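To start, the structure under review is shown below, and the notes come after it.
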Amino acid sequence: MTTVRIPAGWPATEEQALAVQDELRSRVVLDESGPPPGTGRVTGVDVAYDDERDVVVAAAVVLDAATLDVVAETTATGQVSFPYVPGLLAFREIPTVLAALDALPCDPGLVVCDGYGLAHPRRFGLAAHLGVLTGLATIGVAKNPFTFTYDDPGTARGSASPLLAGTEEVGRALRTRDGVKPVFVSVGHRVDLDNACAHTLALTPSYRLPETTRRADSLCRRALRTTTA
DNA sequence: GCGACAG
DNA sequence: ATCTTGTCGC
């Protein structure tokens with residue numbers, strides 16, 4: 001497992017982090033539809049923390065998009081690089097996630113993040129940020145609606161409703177399992193919202209959350225236990 | 001001014 | 001995110 005230190009120049013205060021978001025958000029690409037679902041590769045990234053020991057472990061798990069079989073997986077460990085502040089989650093996760101992605105032996109294809117992309121107070125959440133830094137196609141699939149509002153989608157898998165910041169659609173509440181709480185999908189980089197939702201449905205044949213995030217979540221937790229123990 | 005608030 | 005066993009149900 002590779003180890004990373006906090007990058008030189010990494011924001012140390014909320015004001016610095018806000019300035020970075022402000023500078024980078026213009027680089028998000030929104031005029032590409034993205035790779036078609038069910039083709040190529042799809043990669044899940046997630047992190048687990050041990051705040052007591054100031055340790056964060058990231059995992060990247062690459063799946064074959066057609067079969068959802070695992071093609072490759074990596075982990076990376078690092079120091080916690082930022083406190084959790086709503087709206088600044090990316091600064092806590094990105095250095096270690098980048099290290100995990102760098103360690104992959106193959107192209108990750110579309111990257112699925114555990115959190116938001118454009119559904120963000122400044123329209124620059126984790127998935128958008130990671131996309132801009134890597135150039136990869138990214139989407140965000142979150143478990144909670146954050147501060148946004150939505151009308152409950154129909155009860156059937158595949159039903160969706162707009163995720164709203166006021167009247168602006170920043171993402172979609174998407175039902176991935178009949179009668180189960182929806183997930184909250186938003187665009188990251190180089191993928192449109194319809195395609196992001198199509199990918200999310202392709203990644204949820206059996207569970208509420210995408211196979212990518214399920215796999216990445218269990219891997220980084222396992223790796224953290226091993227590191228901590 | 002006081003909460004709420006992705007992970 | 002994390003603290004945490006068993007239990008009800010498909």
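Only a predicted model underlies this, so the values are computations on that prediction, with no experimental measurement involved. To find a chain, count down the sequence lines: A is the first, B the second, and so on, and within it residues start at 1.
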Taking the six-membered ring for Trp, are the ring centroids of Y49(A) and Y84(A) within less than 6.0 Å of each other? no

Any base atoms under 4.0 Å from L88(A), or only sugar-phosphate, or nothing? Heavy atoms, all strands. base

Heavy atoms from other residues, nucleotides or ligands near CZ of R5(A) exceed 12 (cutoff 6.0 Å): no

Any donor and acceptor pair, going by atom type alone, linking the side chain of H189(A) with main-chain N or O of H129(A) inside 3.5 Å? no

Would you please determine if the base of dA6(B) is stacked by F184(A), with stacking meaning a centroid separation under 5.5 angstrom and planes under 30 degrees? no

Using modelled atom types only, decide if a donor and an acceptor are shared between the side chain of D64(A) and the backbone of V71(A) within a distance under 3.5 Å. no

Gap between atoms NE2 and P, on H120(A) and dA4(B) respectively (whole Å): 20 Å

Does T212(A) offer a backbone N or O that forms a donor-acceptor pair with the side chain of R215(A) under 3.5 Å? no

Strand DNA chain B as a dot-bracket string - pairs counted if Watson-Crick or G-U with both distances under 3.5 Å, | where the partner lies in another strand: .......

Ignoring hydrogens and angles, tell me if any N or O in the side chain of R221(A) forms a donor-acceptor pair with the backbone of A48(A) under 3.5 Å. no

Using only side-chain N and O atoms of Y49(A), determine if any of them is under 4.0 Å from OP1 or OP2 of dG7(B). no

Classify the nucleic acid contact of D46(A) as base, sugar-phosphate or nothing, counting any heavy atom under 4.0 Å across all strands shown. sugar-phosphate

S186(A) side chain to V170(A) backbone, donor-acceptor under 3.5 Å: no

Heavy atoms of chain A, cut-off under 4.0 Å: which first and last nucleotide of DNA chain C, 5' to 3', fall inside that, if you could look? dA1(C) to dT2(C)

Starting at atom OH of Y116(A), determine the distance to atom C1' of dG7(B), rounded to an integer number of angstrom. 11 Å

Look at all strands and tell whether A119(A) reaches a base, only sugar-phosphate, or nothing, counting heavy atoms closer than 4.0 Å. nothing

Can you sort out which residues in residues 129-161 of chain A have a heavy atom within less than 4.0 Å of DNA chain B? Ascending by number, please. A142(A), K143(A), N144(A), F146(A), T147(A)

Do K143(A) and D114(A) sit within salt-bridge range, that is, some charged N less than 4.0 Å from a carboxylate O? yes

With a 4.0 Å cut-off, would you call R175(A) and D178(A) a salt bridge? no

Just checking, any donor-acceptor pair under 3.5 angstrom between side chains of R172(A) and T200(A)? no

Main-chain N/O of L201(A) paired with R157(A) side-chain donor or acceptor, under 3.5 Å: yes

